S.K.: 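First, the structure itself, so that you have it in front of you.
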Amino acid sequence: NGGGGTGGDAGNYPDQNITFVVPFSAGGPTDTVTRMIAEPMAAKLGAKIVVQNVEGAGGTVGAGEVARAEADGYTVLMHHIGMSTAPALYKNLGYKPLEDFEMVGLVTEVPMTIVARKDFPPATLQDLVTHVKANANKVTLANAGIGAASHLCGLLFQSAAGVKLQEVPYEGTGPALTDLVGGQVDFMCDQTTNTSGQISGGKVKAYAVTTPERVKSLPDLPTTAEAGLPQLQVSVWHGLYAPKGTPQDVVQKLSEALKAALADQAVIDQMAKLGTAPVPAEDATPQAHRTKLEEQLGTWAKIIADAGVEAS
Ligand code: MLT
C-alpha cells in the first residue's frame, strides 16, 4: 500500500515529522548528542525531526515507549550504554534490547569525567578516594537513575574505592550538573558532552577522565590511570534504534542520514569541542550496532554481577 504504518515501503518515507526520543532530561549529554545530529539528519531525510524527552528509571521508560511504538520509522530512540546494562539491573524491564528494536547505527563514544562541587575538599582523585572512604555515610553521589551511564561509572568508582555511597538519582545529568554547580550534591561521574563547559569555566572541580588517553579539549585533566585509579575506565557508546518491524529500507534511509550527519563538519567540530567524535562511517550501520550491543550486554552483565549488584 506504500502508506505509513507498519510494512509500508520506504518509497515515500519520510512524509511526516519524525520523533527522536531521548530517554533523559533536556540539556543533558544524551539530549545534547541527539540535538547535534537531528538537524543534519533532518536535512538529509527531507523531514522535520522533533526531539522528545521521555525521562525516568535510568532511560528505561523512554526505551520502553519506543519498543512499543508504531514500527513505521516515525519514532526513533537515541540511547547509550544503558541499553546494554538495563537487563542486568531491571527485573521487569518490559523490552528485550536485541529483539524489540531495529538497530540503526552507532553514533559516538563519549569519555566520562569525575567532577565535584567547587568547594568539595578533595583536591585529587586519590584524595577523593580517601575522603569518601572516611565519610561514606555523608558524601552524596549524583546520577541519572539506575542503569544510566553516570550510575554505571559511579558503580565502578565505588568498587574501585571499596566504598558504598549515598546515590542521588535525577532524571538526567543535566539537572544533576545544575545541582552540582549549585553545591547541592557532592560529586558525579558524567560525560564530557555535559561537563566540558562547566569544567573549562571553573564551575566544578574535575579530577579525571575515564579514558586511556587525555581528552584534547580538556588537556589539563589527567586520566584515571595517571591519577592512580587505572581500573576506572568507561566510555559511553550511543546508538539509534527503531521499533522492531520497522521496514528495512526505512532503517537504511535512517542509517544513511546518520552517516551524513556524522560526516557534517559542524557536527565533527561540536563533538570535538565537547570531548568526543563521531564513530567511523562503517559503525553507523545496523550490523555494527547489533554487534556492539550483543558484546556490551555480556560485558555489563558480568561487571554488574561482579560488583554484587542485583536487579531490582
Ligand atoms: C547518563 O548518565 O546516562 C546520561 O548522562 C543521562 C543524561 O543524558 O542526562
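Remember, it's 1-based here, ligands and their atoms both numbered in the order they're listed. All of these numbers come straight from a predicted model, not from anything done at the bench.
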S.K.: Please examine the side chains of D264 and I268, heavy atoms only from C-beta on, and report whether any two atoms are closer than 4.5 Å.
M.R.: no
S.K.: Grab the two heavy atoms, one from G147 and one from L152, that are nearest each other, plus how far apart they are.
M.R.: O-CD1, 3.8 Å
S.K.: Just checking D119: does its CG atom have more than 12 heavy atoms from other residues, nucleotides or ligands closer to it than 6.0 angstrom?
M.R.: yes
S.K.: Kindly indicate, with the supporting measurements, whether the criterion ring-ring contact (aromatic ring centres under 6.0 Å, His included) is fulfilled by F24 and Y170.
M.R.: CA-CA 9 Å; F24 294 101; Y170 290 79; over 10 Å; no
S.K.: Applying a heavy-atom distance cut-off of 4.0 Å, which protein residues contact ligand 1?
M.R.: F24, G28, P29, T30, H80, A144, A148, A149, S150, G172, T173, D190, Q191
S.K.: Taking all non-hydrogen atoms of both residues, which atom of A227 and which atom of Q126 are closest, and how far apart?
M.R.: O-NE2, 3.5 Å
S.K.: Which pairs pass salt bridge (charged side-chain N to carboxylate O under 4.0 Å, His left out) with one or both residues in residues 293-312, sequence neighbours excluded?
M.R.: K302-D306
